[in-house]
There are 2 protein chains.
Amino acid sequence: MSDINDTENNNQQIKLAVDCIIFGFNDNKLELLLIKRKDNPEKGRWSLIGGIVSFNEDLDEAANRILFDLSGLENIYMEQVKTFGKVNRCSFDRIVSTTYSAMILKSRYSEDKINRYNAQWFPVTEIPELIFDHNDMVDIAIKRLRRRVRNFPIAFNLLPSKFTLPQLQALYEGILNETLDKRNFRRKVSQMNYLVRLEEKDMSESKRGAFLYRFDAGLFEKEKNFSL
Amino acid sequence: MSDINDTENNNQQIKLAVDCIIFGFNDNKLELLLIKRKDNPEKGRWSLIGGIVSFNEDLDEAANRILFDLSGLENIYMEQVKTFGKVNRCSFDRIVSTTYSAMILKSRYSEDKINRYNAQWFPVTEIPELIFDHNDMVDIAIKRLRRRVRNFPIAFNLLPSKFTLPQLQALYEGILNETLDKRNFRRKVSQMNYLVRLEEKDMSESKRGAFLYRFDAGLFEKEKNFSL
DNA sequence: GCAAAAGTGTTTTTCGTACACCCATGC
DNA sequence: GCATGGGTGTACGAAAAACACTTTTGC
């Protein structure tokens, strides 16, 4: 949660919040977008991106609105993770918070938004101490991501629409925090007909150049086989 | 959700509820405990067991309290499933509901409680039309159960503390709704050292009798290998 | 010509699956 | 003695894992 503006309104009503766990990928590492609170309470401390759910919006909509407010991105694949409801998880109010996770292309998250929202990317291995139970939220979301990324083609959200296989493998190694065998990895990829090789090569990371691929959602719908 | 007593109190505040999906096992079928609402609104319709979360209780506690109120059972393994938050999921009020699932030993659920709460067991293949989005909740909980039951030793909650391997296999077949090969099933079970065979036999279901086993939680903690 | 990253096959092991008969007992 | 459910082992194929060298090109 966050957006804690009405501490005075202690009317014995539970408030409902959403917290967004926003993953990015950079420098071969899985990263997380956090914000440093500009105001009291908890001013100056690191926090997830969150806000109170409005009376007239779906829970999912609230998550999307908050993500949009903070990143400017729309149509991002988001999934609900878990709801945190301990009485004292937030010291000054009774707020139950549902977490959602999203994966965004870090390069699309403009620098001015970073500044406006006092945001910063952190490698998941270097998450600072966060307010309330946000560190727990992060831990659970990361575990869930590692599980899901093996069985669903969601990691592509962290890459440009055209990507190379070395990039894809580095992405998986970064998310799972383990090294993968190149040949085994590529054999699996080659069975995914919805990963289509383009004629272009990306020359930026090697002299030889690596073929670019794209994820074809339409083709994926036909097979729906994914396992890495 | 349910316990919808304050429709007049439309103070633009989101209310938080918990709905419990209570699984049982009987007659080789996976069953679900439902209640027929005694009062308006939605009087006479089938519903999950649910209630409003109190200001002073943890979300998990609320789920346990509601389960206890309805089943008299304590210390039941419960897990949060998902939070449902569409604006119009409930027609007369804005209620966000978190579902929890539990597995109880049907024989321990006393008949007088069944009557007091207007409850009834339904095989999961014969769930009636439920109020609000409760059918969606049930579908999601069943899918999740089928996934988790293969990877975690949770199904034992549906059996007495001493059980036979034929019983265990029938349980899995009922939950997964598919038949399993007896020898393959038993091979996997024999690798689980925390399933300890007792000297006793259960003679009630065959002339020869079948050895009783028990699940040893302490031994499981040492290995934590489970796959069926 | 060499450094640096891209790309490619084969072997071994592990796991899942299919499958059929004997055992113990109550009647 | 036979009907009923309990209990056991093996062979095959698929998938995962281990493993090393060649290719391309900019410098």
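Chain letters run A, B, ... following the sequence lines, proteins first and then strands; every chain starts at 1.
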In this structure, how many angstroms lie between the [atom2] atom of [N] and the [atom1] atom of [X], rounded?
X	N	atom1	atom2	answer
A/Tyr213	C/dA6	OH	P	12 Å
B/Arg150	C/dC15	CZ	C1'	15 Å
A/Leu165	C/dG7	CG	P	6 Å
A/Gln169	C/dT8	CD	P	13 Å
A/Gln167	C/dG7	CD	C1'	16 Å
B/Arg186	C/dT17	CZ	P	18 Å

### Under 4.0 Å protein heavy-atom contact, by nucleotide of nucleotides 19-27 of chain C - B base, S sugar-phosphate only
BB--BBBS-
### Task
List in chain and number order the residues that pass salt bridge (Lys or Arg N to Asp or Glu O under 4.0 Å) with A/Glu31, two or more places apart in sequence or in another chain; answer none if no residue qualifies.
A/Lys106
### Task
Could you note down all residue pairs passing salt bridge (Lys or Arg N to Asp or Glu O under 4.0 Å) where residues 199-210 of chain A supplies at least one of them, sequence neighbours left out?
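Passing the test, one end in residues 199-210 of chain A: A/Lys162-A/Glu200.
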#### Entry: Presence of salt bridge, A/Arg65 and A/Asp69, under 4.0 angstrom
yes
### Message
Below 30° counts as parallel, above 60° as perpendicular, anything between as tilted: where do the rings of A/Phe163 and A/Tyr213 land?
### Response
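Plane angle under 30°, so parallel.
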### Task
Using the side chain to side chain contact (heavy atoms under 4.5 Å, CB included) rule, take B/Glu61 and B/Val53 through it: C-alpha gap first, then chi angles, then the decisive distance, then the call.
CA-CA 9 Å; B/Glu61 279 175 15; B/Val53 179; over 6 Å; no
### Task
Shoot me the first and last contacting nucleotide of DNA chain D against chain A, ordered 5' to 3', at under 4.0 angstrom to non-hydrogen atoms.
D/dA17 to D/dG26
Sequence neighbours left out, cut at 3.5 Å: what donor-acceptor pairs do the side chains of residues 217-224 of chain B make with other protein atoms?
unit_1   : atom_1 : unit_2   : atom_2 : d
B/Glu221 : OE1    : B/Lys224 : NZ     : 3.2
B/Glu223 : OE2    : B/Asn193 : ND2    : 2.9

Let me check something: any side-chain donor-acceptor pairs from residues 168-179 of chain B under 3.5 Å, sequence neighbours excluded? List them with distances.
unit_1   : atom_1 : unit_2   : atom_2 : d
B/Gln169 : NE2    : B/Glu173 : OE2    : 3.3
B/Gln169 : NE2    : B/Leu180 : O      : 2.9
B/Tyr172 : OH     : B/Val149 : O      : 2.9
B/Glu173 : OE2    : B/Leu180 : N      : 2.8
B/Glu178 : OE2    : B/Arg150 : NH2    : 3.3

### Query
If you find the nucleotide of DNA chain D closest to B/Ala210 and the one closest to A/Gln191, which residue's nucleotide is nearer the 5' end?
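Between the two, 5'-proximity favours B/Ala210.
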### Residue pair A/Asn157 / A/Ile154: nearest heavy atoms and the distance that separates them
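In terms of heavy atoms, the two residues are closest at ND2-O, 2.9 Å.
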